[in-house]
Amino acid sequence: SIKKWNSIIDEKGNIRQDITIIGRFKTLGKVKKIYGQLYLNDKIEDLGNLSYIKKHLYVGQDSQLKSLGDLRRVGGRCILSGSKITSLNKLLRVGGKLSLRDTKISDLGSLKYVGGDLYLPKRLEEYDLSGIEIKGKVRYWNDKKEGPPLFDFDTRKFSTIHKIEL
């Protein structure tokens, strides 16, 4: 609820715990720093005033977030795989792994440092990474293919007994 949300934000705009946001919220609004990890999924469209996450950032594939806005630093892993992110914007530093697999990312914004591995879509193989200090390995991945399911079950081939048991 909004009341509970406001109760965990201190007067400086900080949250001092891990946060999972699913549902109602479209923005993080006045939150400036999170001294924990942040997991986002569902309706979130922007990070509001958020500039710092002490631990990890996970953005799920159902999130509507397309940009990291004013976020400048993630202390741990930054897992954006499968999300709708297209730009890292002002993000300067990720303390751990940065995964951009299966995203529509088109630019790495202001990124200067990745403390772990960097996973990128194969279409960014020609992207100039010389201005980014990367402590781990850089790996390029093919985008997940959208298409028919691996198995196409025709339920008409099952007997009535099977349908009842299920």
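We're numbering straight along the sequence, starting at 1. What you see below is based on every heavy atom in this structure, not just the backbone, and it leaves out hydrogens, waters and symmetry mates.
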With a cut-off of 6.0 Å (strictly less than), are more than 12 heavy atoms of other residues, nucleotides or ligands near NZ of Lys26?
-> no

Is there a path of hydrophobic side-chain contacts, each under 4.5 Å between heavy atoms of I, L, V, M, F, W or Y residues, that connects Phe25 with Val59?
yes

So if you build clusters from Ile, Leu, Val, Met, Phe, Trp, Tyr with side-chain heavy-atom gaps below 4.5 Å, do Tyr35 and Tyr58 land together? no

dist Leu47:CG -> Leu57:CG (nearest 0.5 Å) comes out at 7.0 Å

Decide yes or no for Ile85 and Leu65: does some side-chain heavy atom of the first lie under 4.5 Å from some side-chain heavy atom of the second?
yes

Separation between CD1 (Ile44) and CD (Gln64), nearest 0.5 Å, reads 10.5 Å

*asked:* Test your reading of the model: is there a side-chain donor-acceptor pair from His56 to the backbone of Arg77, 3.5 Å cut-off?
replied: yes

Review point. Just wondering, are more than 12 heavy atoms of other shown residues or ligands nearer than 6.0 Å to NZ in Lys84?
Key: yes

Paired with Asp143, the salt bridge (charged side-chain N to carboxylate O under 4.0 Å, His left out) test is passed by just one of Lys122, Arg123, Arg101, namely Arg123

On a heavy-atom basis, the closest approach of Asp10 and Arg16 is OD2-NE, 3.6 Å

Exercise for review: Output, in order, the C-alpha distance, side-chain angles, deciding distance and verdict of side chain to side chain contact (heavy atoms under 4.5 Å, CB included) for Thr20 and Asn41.
Suggested key: CA-CA 8 Å; Thr20 297; Asn41 213 359; over 6 Å; no

Between Lys55 and Val74, the two heavy atoms sitting closest are O-CG1, 3.4 Å

Does the Ser106 side chain pair with the main chain of Thr86, one donor and one acceptor, at a distance under 3.5 Å?
yes

Here the pair of heavy atoms bringing Asp70 nearest to Lys90 is OD1-NZ, 2.8 Å

Start with the C-alpha distance between Ile15 and Lys54, add both sets of side-chain angles, then the distance that settles side chain to side chain contact (heavy atoms under 4.5 Å, CB included), and finish with yes or no. CA-CA 10 Å; Ile15 294 177; Lys54 184 174 183 175; over 6 Å; no

In terms of side-chain geometry, is the basic nitrogen of Glu133 or Lys135 positioned less than 4.0 Å from the acidic oxygen of its partner?
-> yes

For Asn89, the side chain to side chain contact (heavy atoms under 4.5 Å, CB included) test, sequence neighbours excluded, returns Ser67, Ser87

Does the side chain of Ser83 come under 3.5 Å of the side chain of Ser63 through a donor N or O and an acceptor N or O? no

Residue pairs passing the ring pair (Phe, Tyr, Trp, His ring centres under 6.0 Å) test with at least one member in residues 84-141, sequence neighbours excluded, are Tyr119-Trp141

dist Leu68:CG -> Ser51:OG (nearest 0.5 Å) comes out at 12.5 Å

Mind checking whether Ile19 and Ile22 sit in one hydrophobic cluster, side chains of I, L, V, M, F, W, Y counted as touching below 4.5 Å?
-> no

Point to revise | Cluster link Val114 to Val138, ILVMFWY, side chain under 4.5 Å | key: yes

**Salt bridge flag under 4.0 Å for residues Lys97 and Asp117** = no

Under 4.5 Å between side-chain heavy atoms, counting indirect links through other Ile/Leu/Val/Met/Phe/Trp/Tyr residues: same cluster for Ile79 and Ile105 or not?
no

Next item on the list: Could you walk me through whether Leu129 and Leu108 pass side chain to side chain contact (heavy atoms under 4.5 Å, CB included), step by step?
Entry: CA-CA 9 Å; Leu129 301 174; Leu108 301 181; 3.7 Å; yes

Distance col, row Lys32:NZ vs Ile9:CD1, nearest 0.5 angstrom, shows 11.5 Å

Here the ring pair (Phe, Tyr, Trp, His ring centres under 6.0 Å) pairs for residues 66-104, sequence neighbours left out, are none

Start with the C-alpha gap between Thr27 and Asp46, add the side-chain angles, then the distance that decides, and say whether side-chain hydrogen bond (donor to acceptor under 3.5 Å, both in side chains) holds. CA-CA 5 Å; Thr27 180; Asp46 83 69; 2.8 Å; yes

Item checked: Distance-only polar pair, side chains of Asp102 and Ser81, donor-acceptor under 3.5 Å -> no

Here the gap from Leu120 atom CG to Thr103 atom OG1, rounded to the nearest 0.5 Å, amounts to 8.0 Å

When rounded to the nearest 0.5 Å, the distance separating CG of Leu124 from CG of Leu118 is 9.0 Å

